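Below: the structure, in C-alpha cells.
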Amino acid sequence: MTDGRTPGFDLGRLLAERGGEGYELHARYLNHQLPRMLHTIGFDKVYERAEGAYFWDADGQDYLDMLAGFGVMGLGRHHPVVRKALHDVLDASLADLTRFDCPPLPGLLAEKLLAYAPHLDRVFFGNSGTEAVETALKFARRATGRSRVLYCTHAFHGLTTGSLSVNGEDGFRDGFGPLLPDTAVPLGDLAALERELKRGDVAGFVVEPIQGKGVHAAPPGFLRAAQELLHRHKALLIADEVQTGIGRTGDFFAYQHESGVEPDLVCVAKALSGGYVPVGATLGKEWIFKKVYSSMDRVLVHSASFGSNAQAMAAGLAVLSVMEDENIVARARETGDGLRNRLAALVDKYELLHEVRGRGLMIGIEFGRPKSMALRTRWAMLQAARKGLFAQMVVAPLMQRHRILTQVSGDHLEVIKLIPPLIIGEREADRFVDAFTAVMDDAHNGGGLMWEFGRTLVKQAVAGH
C-alpha cells in the first residue's frame, strides 16, 4: 500500500475509526426504520461491551438485559465455556463442511439433544429457528403425504415464506402473499382443531407450548388432547420450542410441563447457539426421517449449506455442558418463579396492572383499563391512538431512567415480555422489581414525564410513524 497504512484487515482499528457510525450506517444501507424507531423511543444507545446479563456504554453505565437478544442469549453474553469452545474449534483447523464426510461434532450434539427428548430419534441441523420450522413443515408433509398444516392464532413461527404461512399475526403476513394454504385455530380450542382434522388433509399442527406474543400458555391438558386427536387422524404434533426450549420455562422443553406429551417433531434454535454462531435443529421420530431420506437418491433432498458447521456444533455442545454443570434449568425455574410471584403481588397495588403470567424466565406483564377517572381518561387517550402505547410507556422509562432493556410483547398488545438470560439471580430480580415499582408509582401518581412521553407516542401514532 502507498498511503502508509499497515496492510491487511484490522477489526480493532476499523471499529476504533468508525464504530460511532452505527446509526448512520443503518439509516443509509440497512433497514432505515430501525434507527428511526430507536431514536423515537429513546433506545438509541451505543454499547461498548457486554458480559452476562449486562451491557456498558462509553460512560461506564451498566444496563440490565431482560431481553436476551429475543431469547438467543440464554447463558448471557460471552460465557467463558462457550468462548473457549469456539477458540478451540478454530484452533483445531478442522476440515469443516467438506459435504462428503461424516464429522463427529454433529453426531455428538444430536446425541446430547436427543437425550433431553428420549422419544425422538434423529436431528436435522440448520441455521435458525425459522429454518427449523421450515424443516418440520416439509418433513410433516412428506411423512404424511398431506399438504395442510394447522397453527394457532397469534402464533409466531418465523418470517420465511413457509414459516410465515403458519404465523398467526396479520401484520407480519400482509403484503407477502399468497402463502401456503394453512389454517389457524385458537390456542386451546380442541373443537376447532378436530373440525379441521376431519377434513383428512392435515399433515400436522405446529404450536408453541407458550406463545411468545402475549406470553399465553397452552391450557392444561390441551397439548396431550391435541396429540391424541392428531394421531387419531394420522397427523403430526410439531412443538415449536425455538424460544421456549433449552431451559427457558424451567424445564428443558416447555412441552414437558404436561405429562404424556411427546411431539413428533420439535424445533429448537436461539439459546442453543450460545449467542455466537446461528444454529437451528429439528428433532424427529425415526420413521419421519426415513420417509424424507427414503433412498440414496434422496440423500440431499433436504439440506443446508452451513448446517452442522463445526463452530455451531461446538457452541451447541458447550451450551449443553454449561446447562448441566451450572444447573441452569433449575436456576431458571427458581429465579423465574420468584420474580413472577413478586410481580404478581403488585397486581392488587396498581390498577393499571392487570395480570402477570408465564413459566420460568418467560414472563408476561399485562396492563389493563384502570378504574379511577383520571387514569381512565389517560388510558382512553392512548387506546384511541394505538393499542399498546401504555406498555411502551413502561418500557421506555425502564430503559431511560433505570437502564433496563425490555420489550413490548407484540404489536397492539399491552403486554411486556421478560425473557432475560437464564443466568440472572436475585440481584437482577431485585433491580427489575424496584425499577418496575418506581415506574408504576410514577404512572399512578400522574408522573408528568411518563405521560408526556405517552403524548409523544400518540402524536407519532397519529402521524403514522
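Just so it is clear, the structure is predicted and the values come from calculations on it, not from any experiment.
What you find for S273 and A315 is that their closest heavy atoms are O-CB, 3.5 Å. Taking every heavy atom of both residues into account, I210 and R359 meet most closely at CD1-CB, 3.9 Å.
Taking a cutoff of 4.0 Å between a charged side-chain nitrogen and a carboxylate oxygen, K84 and D88 qualify as a salt bridge. Classification of R199 and E194 as a salt-bridged pair fails, no side-chain N sitting under 4.0 Å from a carboxylate O. Between K387 and D411 there is no salt bridge, since no side-chain nitrogen of the basic residue lies less than 4.0 Å from a carboxylate oxygen of the acidic one. Salt-bridge check for K290 with D121: failed, with every basic side-chain N at 4.0 Å or more from each acidic carboxylate O.
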- ring-ring contact (aromatic ring centres under 6.0 Å, His included) between F156 and F172, intermediate numbers included: CA-CA 9 Å; F156 185 95; F172 288 110; 5.3 Å; yes

- Message: Does E131 form a side chain to side chain donor-acceptor pair (under 3.5 Å) with T160? I'd like the steps, not just the answer.
- Response: CA-CA 8 Å; E131 191 172 332; T160 50; over 6 Å; no

- Message: Checking T130 against S163 for the side chain to side chain donor-acceptor pair (under 3.5 Å) test, could you report, in this order, the C-alpha distance in whole Å, the side-chain angles of both residues, the deciding distance, and whether it holds?
- Response: CA-CA 6 Å; T130 193; S163 60; 2.5 Å; yes

- Could you go step by step and tell me if Y54 and Y63 meet the ring-ring contact (aromatic ring centres under 6.0 Å, His included) rule? CA-CA 5 Å; Y54 293 91; Y63 295 76; 10.0 Å; no

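Rounding to the nearest 0.5 Å places NE2 of H412 at 11.0 Å from CD of E414.
E366 contributes no side-chain N or O that, together with a main-chain N or O of H354, makes up a donor-acceptor pair within less than 3.5 Å.
Between D201 and the options R141, R148, K234, a salt bridge (charged side-chain N to carboxylate O under 4.0 Å, His left out) holds for only R148.
Of the N and O atoms on the side chains of H157 and D240, at least one donor lies less than 3.5 Å from an acceptor on the other residue. Checking D441 against Y350 by side-chain atom types alone, a donor-acceptor pair falls below 3.5 Å.
Cation-pi geometry between R369 and W379 is not satisfied (NZ or CZ under 6.0 Å from the ring centre, within 45° of the ring normal).
Contact check for I419 versus M66: no side-chain heavy atoms found under the 4.5 Å cut-off.
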